[in-house]
Trainee: 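One structure coming up, written as structure tokens, with questions to follow.
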Protein chains: 2
Amino acid sequence: MNKRELQRQQTRATILTAADHIYAAHGFIRPSTQMIAKEAGVAHGTVFLHFQSQEKLILAVIEHLGMALTAQIHEASEPGHSLSDILRTHLDAIEASEALYTHLILDLPQLPEEAQQTVIGIQSVIAHHMDQVIGQLKKEKKIKDLSFSFLFTTWIGLIHYYLMNRRLFAPHGSVLAFYKDQLIANFIKLLEVDCK
Amino acid sequence: MNKRELQRQQTRATILTAADHIYAAHGFIRPSTQMIAKEAGVAHGTVFLHFQSQEKLILAVIEHLGMALTAQIHEASEPGHSLSDILRTHLDAIEASEALYTHLILDLPQLPEEAQQTVIGIQSVIAHHMDQVIGQLKKEKKIKDLSFSFLFTTWIGLIHYYLMNRRLFAPHGSVLAFYKDQLIANFIKLLEVDCK
DNA sequence: ATAGTCAGTGAGTGAGGAGTCATTATATGA
DNA sequence: TCATATAATGACTCCTCACTCACTGACTAT
């Protein structure tokens with residue numbers, strides 16, 4: 001490994017991290033490549049030396065987020081987990097990149113096709129794990145007989161709603177850190193068949 | 001009423017309608033004032049003759065949407081409505097401006113403070129009606145004992161999720177037209193206390 | 001030691017967008 | 001009828017931004 005090559009890869013990583021921070025703070029659309037160069041402490045041109053275009057840079061950041069999330073979810077998933085465990089794993093993973101994930105969801109329609117594929121990939125992973133447990137609980141008649149896709153979209157919709165309104169729900173700090181337990185408990189209560 | 005004044009108001013209305021169409025199709029952020037002028041069939045400068053700035057124009061369009069939605073919800077609301085009636089009224093109102101409403105939700109963080117107030121206003125109206133009926137059903141022990149705010153955010157989250165992914169759920173046409181009945185039925189089933 | 005290579009630089013370019021203003025065309029009021 | 005007022009115009013200005021390229025200087029291979 002060259003000293004030169006090492007330096008090169010280090011600079012690339014610096015830019016990627018800077019972009020990560022900037023996009024997490026301001027979303028993917030507003031920030032300019034100038035701003036990212038400044039944050040990374042490199043010349044404007046250097047950004048384009050490492051990433052062909054702004055679009056490619058954005059996609060690299062999103063790809064990186066996707067990998068981090070799916071890895072974390074897989075890692076924390078063990079057979080025999082309860083529904084509560086699965087939901088908590090999901091929220092823990094998102095919480096670790098809460099700001100960036102939220103902007104990904106919000107800016108998605110304005111981002112290139114590849115970004116949408118990444119989001120679909122992330123959701124497939126969590127959907128798979130949820131489906132396993134929910135299928136079992138349905139057989140045991142412990143939760144309501146509603147289609148999995150409806151239950152899944154209800155859960156994702158709820159989480160995304162909290163994330164999108166994070167400034168409203170938790171002006172300082174993480175919404176999920178604040179509401180995680182409550183969200184999981186309430187959602188499970190909603191699914192349960194309860195005869196008093 | 002002057003002929004001149006009439007013409008003036010007509011031009012203003014033309015621009016507002018054009019902006020409505022353009023924003024519904026492309027969101028509030030991307031389209032240029034040039035594009036709206038072209039759609040309205042007026043000169044670029046004319047837009048600024050009627051609206052001080054792009055921001056004021058956007059706010060006027062959003063204000064107009066807010067009025068339309070709240071008016072429609074109030075109009076269709078009668079005392080003695082069932083939960084299903086309330087939810088349907090809500091979805092009917094949104095469906096009438098589905099594309100514009102969806103972009104309002106998506107672009108909200110990038111829009112001025114006033115826009116957020118408008119959205120809060122709309123949601124207050126529907127929340128008020130829902131709260132009436134749900135409070136009653138809770139007393140009758142017909143639905144689960146969960147906080148109203150949780151049930152409300154679950155409902156809004158679900159609807160917004162479908163709207164935000166409308167291209168996925170219903171590539172051509174309205175998501176709500178397609179899924180309205182199913183969404184209402186499933187959501188009510190979720191709330192119900194069902195003892196078999 | 002030295003020629004060659006290449007990561008990094010930053011002023012420069014062209015595209016596009018918001019908002020302005022001198023000018024034009026038309027309606028109004030005396 | 002004619003002077004005045006004003007709705008409308010669109011070329012123009014100023015600005016920001018993504019991306020380029022001639023150049024620099026540190027590193028490498030001989």
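If you're wondering where the values come from, they're calculated on a predicted model, not measured in any experiment.
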Trainee: Of all the nucleotides listed (dA7(C), dG29(C), dG19(C)), which has the minimum atom distance to the side chain of S53(B)?
Mentor: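 Of dA7(C), dG29(C), dG19(C), dG19(C) is nearest to the side chain of S53(B).
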Trainee: What's the CD1-C1' distance between I58(A) and dC17(D), to the nearest Å?
Mentor: 13 Å
Trainee: Rounded to the nearest 0.5 Å, how far apart are CD of Q182(A) and CZ of F187(A)?
Mentor: 15.0 Å
Trainee: Give the minimum heavy-atom separation between A115(B) and L59(B), together with the two atoms involved.
Mentor: N-CD2, 3.9 Å
Trainee: Taking CD in E140(A) as the centre, count heavy atoms belonging to other residues, nucleotides or ligands within less than 6.0 Å. Is the count above 12?
Mentor: yes
Trainee: Mapping M35(B) and Q34(A) onto DNA chain C by nearest heavy atom, which one lands closer to the 5' end?
Mentor: Q34(A)
Trainee: For the backbone of E192(B) and the side chain of K144(A), can you confirm whether one donor and one acceptor N or O come within less than 3.5 Å of each other?
Mentor: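 Yes: the side chain of K144(A) pairs with the backbone of E192(B).
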Trainee: Please give, in whole Å, the distance from dC6(C) C1' to H50(A) NE2?
Mentor: 11 Å
Trainee: Look at the side chain of T70(A) and the backbone N and O of M67(A), then say whether any donor-acceptor pair between them is shorter than 3.5 Å.
Mentor: yes
Trainee: From the set dT28(C), dG19(C), dG10(C), return the single nucleotide nearest to any side-chain atom of N2(B).
Mentor: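 The answer is dT28(C).
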Trainee: Donor-acceptor pair, distance only, cut-off 3.5 Å: does the side chain of D107(B) make one with the backbone of F28(B)?
Mentor: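 Yes, D107(B) side chain to F28(B) backbone: donor-acceptor pair under 3.5 Å.
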Trainee: Looking for any heavy atom pair under 4.0 Å, which part of the strands does T46(B) touch: base, sugar-phosphate only, or nothing?
Mentor: base
Trainee: Calculate the interatomic distance between H26(B) atom NE2 and dG17(C) atom P; express it in whole Å.
Mentor: 12 Å
Trainee: Grab the NZ-P distance between K38(A) and dC17(D) for me, whole Å please.
Mentor: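 Roughly 12 Å, once rounded to whole Å.
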Trainee: Send over the distance from Q52(B) CD to dG19(C) P, rounded to a whole Å.
Mentor: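 Answer to the nearest Å: 10 Å.
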Trainee: To the side chain of K3(B), which of dT20(D), dT28(C), dG19(C) is closest?
Mentor: dT28(C)
Trainee: Counting any heavy atom closer than 4.0 Å, what does V42(B) reach on the DNA or RNA strands: base, sugar-phosphate only, or nothing?
Mentor: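 The answer is sugar-phosphate, as V42(B) gets under 4.0 Å only of primed atoms, P, OP1 or OP2.
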Trainee: Rounded to whole Å, please give me the gap between CG in L57(A) and C1' in dC19(D).
Mentor: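 From L57(A) CG to dC19(D) C1': 13 Å.
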Trainee: Starting the side chain at C-beta, find the nucleotide from dC19(D), dA18(C), dA8(D) nearest to L49(B).
Mentor: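 Closest of the options to the side chain of L49(B): dA8(D).
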Trainee: Grab the CD-P distance between Q54(B) and dG19(C) for me, whole Å please.
Mentor: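 The answer, rounded to whole Å, is 6 Å.
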Trainee: Within this structure, what is the CD1-to-P distance between I36(B) and dG19(C), rounded to whole angstrom?
Mentor: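 I36(B) atom CD1 is separated from dG19(C) atom P by 11 Å.
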Trainee: Answer yes or no: does atom NE2 of H64(B) have more than 12 heavy-atom neighbours from other residues, nucleotides or ligands under 6.0 Å?
Mentor: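 Not buried by this count: 12 neighbours or fewer within 6.0 Å.
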Trainee: Of all of residues 4-17 of chain B, which get a heavy atom below 4.0 angstrom from DNA chain D, listed by number?
Mentor: R4(B), Q7(B), R8(B), T11(B)
Trainee: Could you work out which one of dA18(C), dT20(D), dT9(C) sits closest to the side chain of S32(B)?
Mentor: dA18(C)
